[in-house]
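Have a look at the structure below, then the notes.
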Amino acid sequence: MDFDVSSDWHVAAPYDFLRTLRHEHPVFRSEHLGAYVLSRYSDVRGAYADPRRFSSKGSLTISRSLTEETKARLGEHGSFLSSFVANVDPPDHTRLRRSVSRAFTPRAVANLERRFRELNERLLDRVAPQGKADFVTELGHEPSVKLTARFIGVPEEDEAFVQARVKDWFQLFLSPQPPERQLELADGFLTYLAYVDRLVAARRDDPRDDFVTLMTGSELSHREVVELISTILLGGNDTVPNQLGNSVLRLLREGVWPVPGERLAGAVEECMRIDGASLGSFRYATEDIELHGVTIPRGSLVLLSTDSAAHDETVFPEPGRFVIDRPNADAHLVFGYGIHFCVGAALGRLQLRTALEVLGDRLPGLRLVEQPVVYRTSLVGRALAALPVEWA
């Protein structure tokens, strides 16, 4: 058996397969992925902590599945993310992260909580009288999309455009697509990059109190700023809302809705551990690496399976069981580890806690509408395609 990112089980229920890897093939050569896979917690964390041997350079530019025609259409942007902070090694990484961290101080993150709470309340004022909704399309995304737009500096009238183009971004680079669809997505992606490029240029001429302006006044190049903003928009428009949807599904299934305030922080961590929106990260071996009797040849692509690590029995007893107050739930690796620990982790956690608190207060009778749960097809992400819910 091998990974099959086009299959439903790859995202929905990979845990029997991952358990077999941890126990029998902790360094697994996946023909489907064209990569070696590390599945044990200690090995995944160790690789994150060893950027000299497990390099991030180019690791996010997962364009191996793109056709030559699509690569030609993308041109120089086929190497998109080549200067994004999570896609480089020191010393470039050190310089990039130093600039980005200026926007994610504890005070700045705390100031965003009030705004995010207001966005959730306003959305529920509008949707609550309906008595039902698709959580994914009607409840889970809008507050995060709007908060990210305000933080970055995207005008409100452009939010829908950015959200649609971010989906093109995700599907093109991180999800297998047929050739004709690749070309459609490539055109949408190029339109998106051109938009961000214009936004950055505009802030150089007309500075404002937003992230774009802060970055244009930093030590970063124009291209570095464009790639940074493009990718942060992905997190706010996709990754955080996906984790919220996964979390709501889990909490409703476990019968712990609404979550008491004193247990929210723990619930958020356990939801990220057991149903992480991120399934892993790629690295490149910079030298021959011996691990568990297997040689990973220099230049090989390596998948660090954080999804498997989060279900490693040696770290998380009974990993398939949801434990709302699991004492070490926050040891999951959804945000990475070491120098590449997600710079926006504090903001992501704040958004999840706040959204669950407001939703629990406003919709205490929230329940699932029974029907099959379907996930989006993805290489490294877990996201629901839809989640019908209702409330009294």
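Position 1 is the first residue of the sequence, and the numbers go up from there.
- Side-chain atoms of Ser308 and Arg22, non-hydrogen and from C-beta on, do get closer than 4.5 Å to each other.
- Counted by atom type alone, Tyr337 and Thr306 present zero donor-acceptor pairs between their side chains at under 3.5 Å.
- The closest donor-acceptor contact from the side chain of Asp206 to the backbone of Ala202 lies at 3.5 Å or more, if one exists at all.
- Within 6.0 Å of the CD atom in Glu313, the count of heavy atoms belonging to other residues, nucleotides or ligands exceeds 12.
- Atoms CG and CG, on Asp307 and Asp312 in that order, are 12.0 Å from each other to the nearest 0.5 Å.
- The backbone N or O of Val358 lies less than 3.5 Å from no partner atom in the side chain of Asn120, so there is not a single donor-acceptor pair.
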Salt bridge (Lys or Arg N to Asp or Glu O under 4.0 Å) between Arg117 and Glu121, worked out: CA-CA 6 Å; Arg117 187 177 297 275; Glu121 294 280 8; 5.5 Å; no
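- A salt bridge is defined here as a Lys NZ or Arg NE, NH1 or NH2 lying under 4.0 Å from an Asp or Glu carboxylate O, and Arg273 with Glu269 fails to meet this definition.
- From Thr354, atom OG1 reaches atom CZ of Arg349 across 13.5 Å, with rounding to the nearest 0.5 Å.
- Looking at heavy atoms from C-beta onward, Thr213 lies in side-chain contact with Asp210 at the 4.5 angstrom threshold.
- Under the rule for a side-chain hydrogen bond (donor to acceptor under 3.5 Å, both in side chains), Glu31 has no partner lying at least two apart in sequence or in another chain.
- Note on ring orientation: taking the six-membered ring where Trp is involved, the planes of Phe17 and Trp9 are perpendicular (angle over 60°, cut-offs 30° and 60°).
- At least one donor-acceptor pair under 3.5 Å links the side chain of Arg204 to the backbone N or O of Thr216.
- You'll find the side chain of Leu123 stays beyond 4.5 Å of the side chain of Glu138, heavy atoms only.
- Partners of Ser42 according to the side-chain hydrogen bond (donor to acceptor under 3.5 Å, both in side chains) rule, which considers only residues two or more places apart in sequence or in another chain, do not exist here.
- Checking side-chain atoms of Trp391 against main-chain N and O of Arg362 turns up no donor-acceptor pair under 3.5 Å.
- One N or O on the side chain of Asp2 and one on the backbone of His32 form a donor-acceptor pair closer than 3.5 Å.
- Side-chain atoms of Leu356 and Val248, non-hydrogen and from C-beta on, do get closer than 4.5 Å to each other.
- Using modelled atom types, no side-chain atom of Arg45 and backbone atom of Ala309 make a donor-acceptor pair closer than 3.5 Å.
- Residue Asn111 qualifies as enclosed at atom CG: its count of foreign heavy atoms under 6.0 Å is above 12.
- Residues Thr286 and Arg298 bring no donor and acceptor atom of their side chains to less than 3.5 Å of each other.
- Counting non-hydrogen atoms of other residues, nucleotides and ligands closer than 6.0 Å to CZ of Arg367 gives a total above 12.
- Taking a 6.0 Å sphere around CG of Asn328, one finds it holds more than 12 heavy atoms contributed by other residues, nucleotides or ligands.
- With Arg382 contributing its side chain and Val11 its backbone, the two residues share a donor-acceptor pair below 3.5 Å.
- In this structure, the side chains of Phe322 and Val256 come closer than 4.5 Å at one or more pairs of heavy atoms.
- A salt bridge links Glu159 to Arg150: one of the charged nitrogens lies within less than 4.0 Å of a carboxylate oxygen.
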Audit row: Ser55, Arg283, side chain to side chain donor-acceptor pair (under 3.5 Å) steps and yes/no: CA-CA 5 Å; Ser55 171; Arg283 295 291 187 268; over 6 Å; no
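- With hydrogens and angles disregarded, no donor-acceptor distance shorter than 3.5 Å links the side chain of Gln177 to the backbone of Gln182.
- Using a cutoff of 4.0 Å between basic side-chain nitrogens and carboxylate oxygens, Glu254 and Arg250 are scored as salt-bridged.
- With rounding to the nearest 0.5 angstrom, the CG atom of Leu252 is 5.0 Å from the CG atom of Leu366.
- Within 6.0 Å of CD on Glu69 lie no more than 12 heavy atoms contributed by other residues, nucleotides or ligands.
- Between Val225 and Val196 there is no side-chain heavy-atom pair separated by less than 4.5 Å.
- Contact check for Tyr192 versus Val162: side-chain heavy atoms found under the 4.5 Å cut-off.
- In terms of modelled atom types and a separation under 3.5 Å, the side chain of Asp168 and the main chain of Leu185 share no donor-acceptor contact.
- Between Leu304 and Phe282, every side-chain heavy-atom pair lies at or beyond the 4.5 Å cut-off.
- Between the side chain of Tyr41 and the backbone N or O of Ala331 there is at least one donor-acceptor pair closer than 3.5 Å.
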